Amino acid sequence: MPGSFRYDGFEIVDSSVMCRYSVDDLRFVEQITFSAGLDGSDPAVRAAARLIFLLAGVSYYKTSAPPVIDLGKYALTPAEKAFLQGFYGQGLGEFAYRNDLTLDIEIRAREAAPNPVGYQPQSGRPLVPFGGGIDSIVSVEHVRSRFDDVALFVSSPGGALFDAIEAPAALSGLPIVRATRSIDEKVLRSRELGFLNGHVPVTGVLSAVAVLAAVSVGRDAVVMSNERSASVPTLVLADRSINHQYSKSWSFEQAFSAVLAESIGPRLRYFSLLRPYSELWVAERFAKLREYHHVFRSCNRAFHIYPAAR
């Protein structure tokens with residue numbers, strides 16, 4: 001078994017964040033590119049890019065799931081370390097169950113004190129991550145009824161455009177801030193290369209990407225669309241509960257918000273508008289948005305990486 005998963009470094013190059021990780025002799029590079037560009041000299045941009053670096057590592061850790069995660073030169077505050085412990089431990093709960101693993105992970109990192117950069121955006125400028133389904137459409141229409149300056153955030157793998165997102169986004173008429181996430185091609189060859197495979201808490205990674213998108217254009221909130229049932233365990237065993245949707249849960253939202261406050265500052269809010277509500281409540285609201293009924297898609301098959309399989 002590999003000894004440790006290592007965080008090797010990140011950098012901002014033009015409009016992209018480059019994240020580097022390794023396990024033994026295997027090296028992984030992920031690139032996230034932003035349509036709005038990035039100012040690498042801005043402390044808030046660098047702080048948000050660091051959060052992407054911390055969370056995106058989960059896609060590469062799970063290739064072999066070693067017992068140690070080594071942050072190398074990167075120090076963590078106590079809250080960040082506890083957050084990462086939960087993100088890996090709970091976010092990979094279903095992955096561990098399916099692969100018959102016990103994830104007893106040791107995170108090695110020097111301790112740092114909180115040092116928020118004091119991000120100061122103009123208020124009333126929310127950014128809404130948008131996937132073209134019922135939940136995000138309901139959120140968008142609710143938010144735009146209360147604020148004049150609303151934008152959508154759309155993330156896509158490898159620069160792909162999905163009709164299931166583009167059609168309802170165009171119908172909304174709102175501006176779009178985009179990011180393209182290009183994961184290391186070795187992960188796409190997991191079976192061929194003998195890597196472990198399974199679910200990762202991708203919404204957590206995309207939340208961090210949305211935060212940097214918001215900071216890059218001076219917005220003051222990232223408004224998610226995770227409703228109440230996202231906090232309910234999807235598998236209950238004798239000794240533990242597993243939530244397939246951990247990074248959509250209230251627990252994740254609270255922990256991530258706390259980490260944001262101590263790194264970027266309290267003026268950037270991260271929350272789910274739909275958190276108090278049921279799926280039935282959301283569907284009832286969507287039923288009244290008839291203009292979207294012919295374009296929405298609430299099915300993961302619409303976002304298959306291979307176009308012919310969508």
Side-chain angles (χ1 to χ4, degrees), residues 1-8 19-24 26-30 32 50-72 74 76 79-109 155 157 181 183-184 186-191 193-210 224 226 229-259 300 305:
M1 174 182 287
S4 65
F5 173 75
R6 296 184 300 277
Y7 278 72
D8 293 330
C19 302
R20 306 180 189 279
Y21 314 94
S22 60
V23 180
D24 294 338
L26 273 176
R27 285 171 172 74
F28 302 99
V29 179
E30 177 163 326
I32 305 99
R50 175 179 171 274
L51 291 176
I52 293 176
F53 173 56
L54 293 181
L55 272 65
V58 72
S59 296
Y60 307 101
Y61 169 83
K62 67 114 178 185
T63 59
S64 54
V68 174
I69 295 175
D70 187 349
L71 271 290
Y74 295 94
L76 298 174
E80 287 174 338
K81 187 173 183 180
F83 169 66
L84 268 190
Q85 196 82 54
F87 184 65
Y88 276 89
Q90 296 185 61
L92 291 175
E94 181 180 293
F95 161 81
Y97 172 74
R98 300 294 179 194
N99 287 279
D100 195 24
L101 300 173
T102 299
L103 290 183
D104 186 13
I105 302 170
E106 177 190 356
I107 296 179
R108 294 178 183 171
S155 176
R181 185 182 178 212
I183 65 174
D184 194 293
K186 289 188 286 296
V187 172
L188 303 178
R189 298 165 53 209
S190 288
R191 288 187 173 83
L193 297 175
F195 296 157
L196 295 171
N197 219 333
H199 175 77
V200 298
V202 67
T203 300
V205 179
L206 297 180
S207 293
V209 176
M224 302 296 287
N226 304 317
S229 71
S231 299
V232 178
T234 50
L235 180 65
V236 179
L237 305 173
D239 59 339
R240 68 189 189 279
S241 297
I242 294 170
N243 186 0
H244 173 85
Q245 302 187 97
Y246 169 72
S247 59
K248 295 182 178 182
S249 71
W250 173 232
S251 295
F252 173 86
E253 181 180 318
Q254 287 179 296
F256 187 52
S257 294
V259 166
N300 287 340
I305 192 168

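Predicted model only: the values in this text are computed from it and were never measured.
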Distance-only check: which donor-acceptor pairs under 3.5 Å involve side-chain atoms of residues 82-91, not counting sequence neighbours?
residue	atom	partner	partner atom	Å
Gln85	NE2	Ile105	O	2.8
Tyr88	OH	Tyr7	OH	2.6
Tyr88	OH	Val58	N	3.3

Roughly how far apart are [X] [atom1] and [Y] [atom2], rounded to 0.5 Å?
| X | Y | atom1 | atom2 | value |
| --- | --- | --- | --- | --- |
| Ile69 | Leu54 | CD1 | CG | 10.5 Å |
| Lys248 | Asn226 | NZ | CG | 6.0 Å |
| Ile107 | Leu71 | CD1 | CG | 7.0 Å |
| His199 | Ile242 | NE2 | CD1 | 11.0 Å |
| Ser251 | Phe256 | OG | CZ | 15.0 Å |
| Met224 | Phe252 | CE | CZ | 8.0 Å |

Counting only N and O atoms by type, is there a donor-acceptor contact under 3.5 Å from the side chain of [X] to the main-chain atoms of [Y]?
| X | Y | result |
| --- | --- | --- |
| His244 | Glu94 | no |
| Asp184 | Val29 | yes |
| Ser190 | Val187 | yes |
| Arg6 | Arg20 | no |
| Ser231 | Trp250 | yes |

task: Determine whether more than 12 heavy atoms belonging to other residues, nucleotides or ligands lie under 6.0 Å from atom CG of Asp100.
output: no
message: Tell me if the CZ atom of Phe195 is crowded by more than 12 foreign heavy atoms within 6.0 Å.
response: yes
Shortest non-hydrogen contact from [X] to [Y]?
| X | Y | answer |
| --- | --- | --- |
| Asn243 | Ala230 | ND2-O, 2.8 Å |
| Val23 | Phe28 | CG2-CE1, 4.4 Å |
| Cys19 | Ile32 | SG-CD1, 4.3 Å |
| Tyr21 | Ile52 | OH-O, 4.2 Å |
| Leu103 | Leu92 | CD1-CB, 3.6 Å |
| Phe95 | Leu101 | CE2-CD1, 3.9 Å |

field: Partner set under salt bridge (Lys or Arg N to Asp or Glu O under 4.0 Å) for Asp70, not counting sequence neighbours
entry: none
query: Less than 6.0 Å separating the ring centroids of Tyr60 and Phe5?
result: no
May I ask you to test the [X]-[Y] pair for a side-chain heavy-atom distance under 4.5 Å?
| X | Y | result |
| --- | --- | --- |
| Gln245 | Ser249 | no |
| Lys186 | Thr63 | no |
| Val205 | Arg181 | yes |
| Arg191 | Asn197 | yes |

- request: Would you check, one step at a time, whether the test side-chain contact (heavy atoms from CB on, under 4.5 Å) holds for Glu80 with Val259?
  value: CA-CA 6 Å; Glu80 287 174 338; Val259 166; 4.0 Å; yes
